[in-house]
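Have a look at the structure below, then the notes.
So that the names make sense, note that chain A is the first sequence line, chain B the second, and so on, each numbered from 1. All values below come from the heavy atoms of this structure, side chains included, with hydrogens, waters and symmetry mates left out.
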Protein chains: 2
Amino acid sequence: MNLKELSDFLKLSPTTVSRAINGYPEVSEATRKRVVEAAEANNYHPSHLASGLAKGKAMAIGHVIPLSKHMVMNPHFSDFISGAGDVYCKAGYDMLIRVVAEGEEESVYKKLAKDGRVDGVIVHGPSNYDARIEALQDIGIPFVVHGRTNQDESTYNWVDVNNVRAFKRATNYLLDLGHRDIAFINGFEFMNFAMRRRSGYEEALHEASIEINPEIMFTGEMTEPQGYESMKQLLKRAKPPTAILLSSILPSMGAMRAVQEAGLTVGKDVSIVTFDDQLSFLQNSGDIPMFTSVRSSIRDAGVRVAEILLDQINQPKADPYHELWEAELVLGKSTGRPVSV
Amino acid sequence: MNLKELSDFLKLSPTTVSRAINGYPEVSEATRKRVVEAAEANNYHPSHLASGLAKGKAMAIGHVIPLSKHMVMNPHFSDFISGAGDVYCKAGYDMLIRVVAEGEEESVYKKLAKDGRVDGVIVHGPSNYDARIEALQDIGIPFVVHGRTNQDESTYNWVDVNNVRAFKRATNYLLDLGHRDIAFINGFEFMNFAMRRRSGYEEALHEASIEINPEIMFTGEMTEPQGYESMKQLLKRAKPPTAILLSSILPSMGAMRAVQEAGLTVGKDVSIVTFDDQLSFLQNSGDIPMFTSVRSSIRDAGVRVAEILLDQINQPKADPYHELWEAELVLGKSTGRPVSV
DNA sequence: TTGTAAGCGTTATCAG
DNA sequence: CTGATAACGCTTACAA
């Protein structure tokens, strides 16, 4: 059943029926009631394609998600997406996802933005210099970046965590406890967030006049095995570091496993501080959380990013909008003074 | 730039231009080349809404994802989705996701199916009796279920793992090793897959004439903390079970943590067998995997489910199609004979 | 308050 | 091989 049929059935014009259904003010209460009831009874739902075409709005937001070489989705996405998706849903928007091979992202973004299927897009996982930003600016479609790049950040919308500060604080906390050998297991450093985290770590060490030691710094895809393997390497050293900083709770689980396998105790023999995105399925909670961490919810980020994008769509001339969040430092069971001190 | 403008520019009719771009056979190679180049040069992309409207195809597949009470997305989704999304992308389809509160799913599915935004939908996480199935059958939209229900399974498309068999084998393996006290940490049993797993476990115990003991059987949301807490409970018992069966690698990580915290060793003091969905971010691999498991890739399931749906869309009169997969039993480091035997 | 008619950007039909 | 014309199902001036 389409609009025409429904209006024939009601002996009304399509116009009136459309107005009634979309809640326009000029239609009388009596007819509105009749229309809505008939629509319900006949199980009529307006075609989104047709209304989108007519109004020039797609009522959808695009996400482009790159698969890594192993064809997997970064697990951090699922929490971000559940936050964003919830916002869209409440506002009547849909989430459109394109999963693409790494490298094709820019062209896919362009196509997505141009073919009129979405009213705005989210940029995930910005690299240090990210061509998507200029591409989207050229096209003129509203977008919000989750994170930042090294490009002029005043020209686009973004929400980011203060990664430099977070990792500086984390490092300082370990220094205060008396640690001097602090390893760092980071994400890939072409990702902007990872680069900033490294800066925070290095700044803190510099200020404490401790030399940076590349031998105890790792980068890679933030997975459980990454943490496990890296930690195993570290424990093999003649003088293993007494503390480790990690970029996500996933490798932290792996690191903990390696420590325990070696018969050592986390929080005593080895201190661990992690960045806790508060992944829903790996809660670092309890009376005293398992891990000491710098914490910021990635789901909340998804919510805010989505809200900001919808705002920008409704006020296209608004100035670029930014939010920089501070991470909490939460003490857990995984840190203590180094034994030898 | 739209089709009309491009065709004016080329001094051709919109028809011809459309045909050239869509690769219809009746257009000459010369004009096709000219058209494609001009489209490229002018950065022309056809409007998906318009073409969808004209062809009556949306070129999108709908997924409805329920948030749990804690507003989080089940992490198993992200792997499933990356598999499905990859298939869609290669076939030129988009993935449309609606994130909804638990309970609203059925009505959202109906709306999604009716408003013409998608050409088919995927049903996730079927419960034992799932009203969505009949709703979608009434509407007449193609759909594929990931899993099954207790309804007549010959009437709809599905892909499922043989959960009964998998958990029966897992239990039998532990029995063969000599275990008699085998605990079971399951998902919520209103989910059909969880119910089937329980059946497999119980069948094996029955056949071995071992009594079912509800005190060592848990159900809940499959998270790390669930495994941790349940395991802690079990270890408090006067005579803790010597082996545990778990429904996902997430609670298994938690269980392992509890065992290690208690100063015990997994694979010696406590044997663990898990169901391994091969979650990308928690690989149970290595020369000898960390966990003994019954294994079936949830990402592969996403791939197959998507492929089947696209097939059904292209051959609307095809009979319902099913695939029942057998899980592998993979031996890892987490199992051994009970110490007391 | 309601209706008429012209779009929105494509594709499909049919004729040339 | 190419082109005019009518859909696709809805919204929106403009009229009544």
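- Between A:Y88 and A:H63, a ring centre-to-centre spacing shorter than 6.0 Å is recorded.
- A pairwise comparison of heavy atoms in B:Y44 and B:M1 identifies CD1-O, 3.3 Å as the closest pair.
- We find the CD-CD1 distance between A:E106 and A:I133 to be 11.0 Å, quoted to the nearest 0.5 Å.
- The CG atom of B:N157 lies 6.5 Å from the NE2 atom of B:H322; values are rounded to the nearest 0.5 Å.
- Of the charged side-chain nitrogens involved, at least one lies within less than 4.0 Å of a carboxylate oxygen, so that A:K33 and A:E37 count as a salt-bridged pair.
- Looking at A:T15, its side chain comes within 3.5 Å of the base of C:dT4 through a donor and an acceptor atom.
- OP1 or OP2 of C:dT2 lies within a sub-4.0 Å distance of a side-chain N or O belonging to A:S28.
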Distances for protein N/O vs nucleotides 7-9 of chain C N/O pairs under 3.5 angstrom?
| unit_1 | atom_1 | unit_2 | atom_2 | d |
| --- | --- | --- | --- | --- |
| C:dG9 | N2 | B:A50 | O | 3.4 |

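- Ion pair A:R304/A:D300 not flagged as a salt bridge, since none of the NZ, NE, NH1 or NH2 atoms sits closer than 4.0 Å to an Asp/Glu carboxylate oxygen.
- When DNA chain D is scanned 5' to 3' for any atom under 4.0 Å from a heavy atom of chain A, the first and last hits are D:dG9 to D:dA13.
- Residue-to-nucleotide proximity on DNA chain D shows that, of B:P14 and A:M1, the 5′-proximal contact is made by B:P14.
- Between the CG atom in B:L49 and the NE2 atom in A:H48 there is a gap of 10.5 Å [rounded to 0.5 Å].
- Comment: B:R117 does not engage B:D115 in a salt bridge, judged by the lack of any side-chain N to carboxylate O separation of less than 4.0 angstrom.
- Rounded to a whole Å, the NZ atom of B:K57 is 14 Å from the P atom of C:dT11.
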